[in-house]
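Working notes for the structure below.
Please read all numbers here as calculations on a predicted model, not as lab measurements. Chain A is the first sequence line, chain B the second, and so forth, proteins listed ahead of strands; every chain is numbered from 1. Heavy-atom basis, side chains included; hydrogens, waters and symmetry copies ignored.
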There are 2 protein chains.
Amino acid sequence: MGATKTENFTTKQNAIATLAKALGHPARVAIMEYLIKVNTCICGDIVNELPLAQPTVSQHLKELKNAGLIKGNIEGNAICYCIDENAVTKLLNYFAQISIKLEKKKRNCC
Amino acid sequence: MGATKTENFTTKQNAIATLAKALGHPARVAIMEYLIKVNTCICGDIVNELPLAQPTVSQHLKELKNAGLIKGNIEGNAICYCIDENAVTKLLNYFAQISIKLEKKKRNCC
DNA sequence: TAATAATATTGCAATATTACGATAAACAAA
DNA sequence: TTTGTTTATCGTAATATTGCAATATTATTA
């Protein structure tokens, strides 16, 4: 035990969970927000922007990349990271869909 | 080490991370989707809808509730769970805001 | 009251995450 | 080539999560 039983859920459910999980840490939320703020990929100073050691930041970046939330390209001895708008769109659409469904129905409880 | 350094991030960043983390597991995504589908709070059969044992489901429900994504009321010997629309709205707004910011700026990289 | 039904809690094993020091790798510049 | 800069990886300790059997709790019903 201890491992998530991904095989018992739908691909879509797993996809949303993966994206959400990646954002399930304040450091990774902060990284996303910083990438939006600077609006460029030459982000060689992410480490200085976060209250974490360099290896930890590197690890968080890796997780964001694995989840598909950011894209990274090697650029000289610096790395060029930026947000993958596609992933943000997926999340936006998902919650919009939920919102619509919730609003459509008169909820008669709680 | 091993514990998230929440104190070094903003309240808002932690709030988003908490909500996202709660959805960072396919079982909890499935629970949310089931609650939307049935559109009622008399949800005494959630356990039967999931490929997990009863204690595990109960634990996931607890986490969703702690994160504020669902509300629960005791109703006889059953529990009445339903989605907290407020939380969904928070997430929707957050990603909408990001989307707007990304679109506003012509991205010149990646 | 006793039996039944539904959900919660406890306890524990397996696994995953978080964080960072040490070190490696890759490149630019001296 | 050596030095400095930047990011990645390794190794490891601390902590958290996942999952479930066993058990407890709570309320309904017989």
Side-chain angles (χ1 to χ4, degrees), chain A residues 1-9 13-14 17-31 34-35 41-67 69-82, chain B residues 1-9 13-14 17-31 34-35 38 40-67 69-82:
Chain A
M1 298 119 219
T4 297
K5 290 185 148 186
T6 51
E7 69 276 10
N8 291 325
F9 300 95
Q13 283 166 346
N14 278 301
T18 299
L19 288 175
K21 192 177 184 180
L23 286 176
H25 192 292
R28 295 194 289 265
V29 171
I31 289 172
Y34 180 68
L35 284 176
C41 288
I42 302 132
C43 307
D45 50 350
I46 286 186
V47 172
N48 304 320
E49 298 291 326
L50 293 172
L52 294 167
Q54 181 267 324
T56 310
V57 174
S58 187
Q59 199 173 298
H60 282 308
L61 285 168
K62 197 175 168 187
E63 271 168 79
L64 283 172
K65 196 178 176 187
N66 283 342
L69 277 161
I70 62 175
K71 295 178 284 188
N73 292 77
I74 294 166
E75 186 134 325
N77 69 337
I79 283 289
C80 156
Y81 279 120
C82 56
Chain B
M1 296 124 216
T4 297
K5 289 185 148 186
T6 52
E7 68 277 11
N8 291 325
F9 299 95
Q13 284 165 347
N14 278 302
T18 299
L19 289 176
K21 191 177 184 181
L23 286 176
H25 191 292
R28 295 194 288 268
V29 171
I31 289 172
Y34 180 70
L35 284 176
V38 297
T40 169
C41 289
I42 303 134
C43 308
D45 50 353
I46 287 186
V47 173
N48 303 321
E49 298 291 326
L50 293 173
L52 294 168
Q54 180 268 323
T56 310
V57 173
S58 187
Q59 199 174 298
H60 283 307
L61 285 168
K62 196 176 169 186
E63 270 166 80
L64 283 172
K65 196 178 175 185
N66 284 343
L69 277 161
I70 62 174
K71 295 179 286 189
N73 292 79
I74 295 166
E75 186 133 323
N77 68 338
I79 284 288
C80 155
Y81 281 119
C82 55

Would you say His60(B) places a side-chain N or O within less than 4.0 Å of OP1 or OP2 belonging to dG19(D)?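 His60(B) to dG19(D) OP1/OP2: side-chain N or O found under 4.0 Å.
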Look at Tyr81(A) and dA8(D) and indicate whether a side-chain polar atom (N or O) is within less than 4.0 Å of OP1 or OP2.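 Indeed, a polar side-chain atom of Tyr81(A) lies that close.
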Choose from [options] the nucleotide whose nearest atom is closest to any side-chain atom of [X].
X        : options                   : result
Arg28(B) : dT18(D), dG21(C), dT7(D)  : dT18(D)
Ser58(A) : dT9(C), dT9(D), dG21(C)   : dT9(D)
Glu63(A) : dA8(C), dT18(C), dT9(C)   : dT18(C)
Lys5(B)  : dC20(C), dT18(C), dT17(C) : dC20(C)
Thr56(A) : dC20(D), dA16(D), dC20(C) : dC20(C)
Lys21(B) : dT17(D), dG19(D), dC20(D) : dT17(D)

Provide, to the nearest angstrom, the distance between the [atom1] atom belonging to [X] and the [atom2] atom belonging to [N].
X        : N       : atom1 : atom2 : result
Asn8(B)  : dT18(C) : CG    : P     : 15 Å
Leu52(B) : dT17(D) : CG    : P     : 17 Å
Lys62(A) : dC20(C) : NZ    : C1'   : 15 Å
Leu61(B) : dT9(C)  : CG    : C1'   : 14 Å
Phe9(A)  : dT18(D) : CZ    : P     : 11 Å
Ile46(A) : dT7(D)  : CD1   : P     : 8 Å

When rounded to the nearest 0.5 angstrom, what distance separates [atom1] in [X] from [atom2] in [Y]?
X        : Y        : atom1 : atom2 : result
Thr56(A) : Lys5(B)  : OG1   : NZ    : 7.5 Å
Leu69(B) : Cys82(B) : CG    : SG    : 12.0 Å
His25(A) : Thr18(B) : NE2   : OG1   : 10.5 Å

Most 5' of Thr6(A) and Thr4(B) on DNA chain D, judged by nearest nucleotide: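 Mapping each residue to its closest nucleotide by heavy atoms, the 5'-most match is Thr4(B).
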Regarding dA8(C), can its base be found pairing with the side chain of Gln59(B) as donor and acceptor, where the two atoms are less than 3.5 Å apart?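 Result: no qualifying N/O pair found.
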Is the base of dA6(C) touched by the side chain of Gln54(B) through a donor-acceptor pair closer than 3.5 angstrom?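 By the distance-only test, no, there is no pair.
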First of His25(A) and Pro55(A) reached from the 5' end of DNA chain C, by closest nucleotide: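 Nearer the 5' end of the strand: His25(A).
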Within-4.5 Å side-chain heavy-atom neighbours: Gln13(B) and Thr6(B):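 The answer is no, as the side chains (C-beta and beyond) never meet within the 4.5 Å cut-off.
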Minimum side-chain heavy-atom gap Leu61(B)-Val57(B) below 4.5 Å: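 Side-chain contact under 4.5 Å: yes.
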